[in-house]
Trainee: 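Quick one: this structure, given as C-alpha cells, is what I'll be asking you about.
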Amino acid sequence: MGKITGAQAIVNCLLEQGVKTIFGYPGGAVIDLYDALMGSEINHVLVRHEQGAVHAADGMARVTGKVGVALLTSGPGATNGVTGIATAYMDSIPLVVLTGQVPRVLIGNDAFQEVDIVGISRPCTKHNYLVNKIEDLVPTLREAFHIAKSGRPGPVLVDLPKDLMSGEMLYPPQRPVSLQSYQPNYNPHPFQVQKACKKMIAAKNPVLYVGGGVISSNASKELTELATKLKIPVTMTLMGLGAYPGDAELSMGMLGMHGTFAANMAVAKCDLLIAVGARFDDRVTGKLDDFAKYAKIIHIDIDPTSISKNVKVHVPIVADCKMALTAINKWLDENSGINFDEEPDRNWPWRETIREWMSKHPLCYKENDSIIKPQYVIEMLHKHTGGEAIITTEVGQNQMWAAQFYKFAHPRHFVTSGGLGTMGFGLPAAIGAQMAFPGKMVIDVAGDGSIQMNIQELATAKQYNCPVKVAILNNGFLGMVRQWQELFYNKRYASTTMNVTPDFVDLAKAYGAVGLRATTKDEVEPVIQEALATDNIVLMDFKIEREEDVYPMVPAGKATTEMLLV
Amino acid sequence: MKHTISVLLQNKPGVLSRVTGLFSGRGFNIESLCVAETLEPGVSCLTVVSRGDDAIIEQITKQLHKLIDVIKVTDIAGKEYVEREMVLIRVKAESHTRAEVLRIIDIFRGKVIDVSARSYAVEVTGPASKIQAVIDILRPIGIKEIVRTGTIAMARASKTK
Ligand SMILES: Cc1ncc(C[n+]2csc(CCOP(=O)(O)OP(=O)(O)O)c2C)c(N)n1
C-alpha cells in the first residue's frame, strides 16, 4: 500500500472502527480532514453549533451502545464542544471527539484559533491525547476507541495538529490494542457473588436500586431475571429508566429527589439494598445519614471509585453489571437449593407494604378540564406512541415529568442528561437517535427555556430529513428554578420569567418544519396525533399550567422520606 | 492521617497535570510530590504525601488508579517502608555560632555543601521527622533559606525470604 495523507488515514481508521456517521463542523484546522471525508463512506452530518455535534453523537451512542464520534475545529470549535463532552462524561457515554489543532510548530504561541483543549478537557474526559507524531495518529485513534467503550465508558478527545493531517504516512496494519496501565476488570469475584446471593436469599425487605450501568452493559434481561426469581422490588435512577419495565409489577419507578413515594420509602426501610450500576448520587440519596439506614448494601459496579465513595458498602462487586448478574443468577439456580417458582411468599409482606405505599401515594397530579397539565401531555404521548418511542429530554421540570409519566418499557429509549443536567441536550440528542433509528418515533420533551439553547439544530434536522418531534411544555418560566423559588425563596421569581419567547409555530415554519399548538386540554390529543402522523419535523407548543410543580419532591439536603407530595 | 502513596506511571506528556488536576479537582491535598524516572524506560515513579481519613485515602488511591496512564498505586502507609527526604538549608554561621552549626549538622549526619563568611549551606537526609527536627534546632540560630525535596519512599524487602 502506498503513502496516504494523515487525514486519509484518520478516515480509514474511522471506517476500520465501524463508524458510519459522524457529527461535526468545519474550520481551518480540520479542512484536510473534511477534504478526505468528502466522498468517503462516512456520513458526515453538518450541525449548526459544535455543542450540537457532541450531543448528537452522544444521543446516537446512548441509543445504540456504540461509540459516537464528533469532529470539531480548533479554538472556538473545540471550546464549543466542551459542554457536550462534560455531559457525556458525567453519564459515562462512549464518545470519540476529534479536534483540529494548529500546526505543531505553532503550538504554545497563542496562534490564531489555538486553545489548549487537552488541558481544558482533561477533567471532563475519560482520557485525552494531543497527537505529536504522524506515526502515532492511527494507534492513538485505536486506543481512543478502545478506551471510550471499555470499562466504564466515557468520552475520549484526540487533538490533531493540522500539519499531521496534511503530512504523508503509511497506514499501519490493524492490531488489537493492549495497554499495560489500563485493564478494566469485568469478571465478578466468585466469593463476593456467593456472599451477595446468600444475603439476597436471607433478606426479608430487599430492594434493587438500578442505575445507568445496567443499560450501558446491556444487562436488562439479567436484571429482570434476578428481580423475578427473588421477587425483589425494583427502583431505577433517572439514568436507569428502561432497564426494567416501568409498568412491571415489581417496578416502583424512579427514586430520589423526584422519585415515587413507594421507591423512597422502600429504600429508607429496606434491610438489603442491591445497587447495580448506580453511583449513590446526591439527587438519589438525599441526606446521606438517613439513606437506607437499616440496610446492608451490595454494590455492583465496573468502577472501583464508585464503591464506598458516598455510602459505605458491605458487599462490593467490582465487575461488569451483566457479567455479575449472570453469575448471581447462575449461583442462585445451581447452589441455593431453592426452587424459586414455588415460593409465592418470598418477600411477603414486604411486597404488600410497597403495594400499599404505591396505592396510597401514586404518581399523580391535580387534573383540570381545560388547562393543559404537563403530566397529561406525557401520558398522551405514551398512549399514542404505545410506549415505544425514544424520548429525549431537555432539563428541568419537562425532564422530570417525562421520567415520571412515560413508563419506559425498554432500555436505551430514554435519553437524558442526568449527571450534568445540560439544557439544550434534547434536540441534538434526538437528531442523533433518529439517525441511528430512522424508523423509530423520536420525541424531544422540552421546556420553552431549554429548547432555545440549541434550537438552531432544527436546521440540521431539516437538512438531513430527520423527522424528530419536539413537545414543548411551555410554561413561560424556567420552570424548575421557579419551582425552587416558589418553595424555598418566598416566591421571588428572580430572572426565571421568560417574557419574550418566539412564536414556536412560526419558528417551526421558518425552519421548514411543522408547528402545532395546543392551548386547552382537548387540543392535546389531536395535536399529538397530527404530529405523529407527520413525516416532517414537528414542534408542538403545549401552553401548560404555568405554575405547575413536580411532585413528589425531596428538598435538597433532606432525607428522602421527607417528601413534599401533591 | 498522613499517607505516603507511591505511583508508577507512564511517562507521557501531561501525565503530571492529570495527577495534580485530580487532586485539585476533587479537593484532595498534596503535602509533597516527587517524581522521576525508574529503571524501566518510559515509566516514572511518583511519590505523593497526602492527608485524609481512610475513606479519602481510599478514594485517592482508586482515583489515581483510574487514570489511564497509571500502572500501579501503593499506599505504603500500611506497609513496612523506608522514606527519605533531603533538605538544603542556608543557616547563619557567624563567628560565635559556626562551631555550633557544625556540631548540630554532624549529629544529624548532614554535610556542609557551601561556605561563606556569614553562612553555611548544609544538606541533611532522612525521614520527614528528622528533617523537621534539624529545622527546629537550626531555626533559633537563623535559617536564611530552605529547600526540601519532598518525601520518596520504598517498601522494605520481605524479611522471611
Ligand atoms: C445549560 C444550563 N443552564 C442552566 C441550568 C439551570 N437550570 C436547570 S432547570 C432550568 C430551567 C429550565 O427551564 P425550561 O427549559 O423552560 O424547563 P421547565 O423546567 O420549565 O420544564 C435551569 C435554568 C441548566 N440545567 N443548564
Side-chain angles (χ1 to χ4, degrees), chain A residues 86 89 92 104 107-108 116-133 136 139-140 143-144 146-148 150-159 161 177-185 279-280 288 301-313 316 318, chain B residues 1 3 5-30 33 35-48 50 52-75 77-78:
Chain A
Y89 181 70
S92 306
R104 282 172 295 171
I107 291 179
D116 175 15
I117 193 62
V118 168
I120 290 173
S121 67
R122 192 172 290 126
C124 61
T125 49
K126 183 170 172 188
H127 198 53
N128 60 15
Y129 300 89
L130 166 64
V131 186
N132 261 316
K133 294 195 295 255
D136 289 347
T140 303
E143 255 179 58
H146 172 69
I147 290 171
S150 57
R152 178 176 180 174
V156 179
L157 179 139
V158 185
D159 202 19
V177 177
S178 135
L179 294 167
Q180 185 198 3
S181 56
Y182 173 71
Q183 274 145 8
N185 176 49
R279 60 184 177 90
F280 297 84
L288 273 175
D301 205 287
I302 185 99
D303 181 358
T305 67
S306 293
I307 288 172
S308 291
K309 182 167 72 178
N310 306 333
V311 173
K312 175 115 190 60
V313 168
V318 177
Chain B
M1 210 181 84
H3 279 246
I5 300 167
S6 170
V7 186
L8 275 187
L9 33 76
Q10 310 272 7
N11 189 6
K12 300 247 176 88
V15 66
L16 198 54
S17 53
R18 290 187 203 281
V19 173
T20 53
L22 172 77
F23 274 77
S24 59
R26 294 194 179 264
F28 303 143
N29 94 333
I30 298 182
L33 186 146
V35 59
E37 288 197 331
T38 63
L39 281 181
E40 202 179 321
V43 176
S44 291
C45 180
L46 179 149
T47 311
V48 56
S50 185
D53 60 24
D54 290 352
I56 289 176
I57 299 295
E58 184 182 331
Q59 264 301 308
I60 292 177
T61 53
K62 285 171 164 181
Q63 292 286 356
L64 281 168
H65 195 77
K66 192 169 157 180
L67 295 176
I68 305 286
D69 289 334
V70 167
I71 302 165
K72 191 169 172 215
V73 182
T74 324
D75 172 10

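Values in this document were obtained by computation on a predicted structure and should not be read as measured data.
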Trainee: Checking heavy atoms, do the side chain of A:N128, its backbone, both or neither come under 4.5 Å from chain B?
Mentor: both
Trainee: By a 4.5 Å heavy-atom criterion (distance strictly below it), what part of A:K126 contacts chain B: side chain, backbone, both, or neither?
Mentor: both
Trainee: Under 3.5 Å, is there a donor on one side chain and an acceptor on the other for A:S306 and A:R279?
Mentor: no
Trainee: Measure the CG-OG1 distance between B:L46 and B:T38 for me, rounded to the nearest 0.5 Å.
Mentor: 12.0 Å
Trainee: Can you name the nearest heavy-atom pair linking A:T125 to A:S121, along with the distance?
Mentor: OG1-O, 2.9 Å
Trainee: Would you call B:K66-A:D303 a salt bridge at under 4.0 Å N-O?
Mentor: yes
Trainee: Would A:E143 and A:Y182 count as having a side-chain donor-acceptor pair, cut-off 3.5 Å?
Mentor: no
Trainee: A:L130 versus chain B, heavy atoms under 4.5 Å apart: side chain, backbone, both or neither?
Mentor: neither
Trainee: Taking B:K12, B:Q10, B:Q59, B:E58 one by one, which has the highest count of heavy-atom pairs under 4.5 Å against chain A?
Mentor: B:Q59
Trainee: Of the backbone (N, CA, C, O) and the side chain (C-beta and beyond), which part of B:Q63 lies under 4.5 Å from a heavy atom of chain A, both, or neither?
Mentor: both
Trainee: Looking at A:L179, A:T305, A:I147, A:N132, which has the largest count of heavy-atom pairs under 4.5 Å with chain B?
Mentor: A:T305
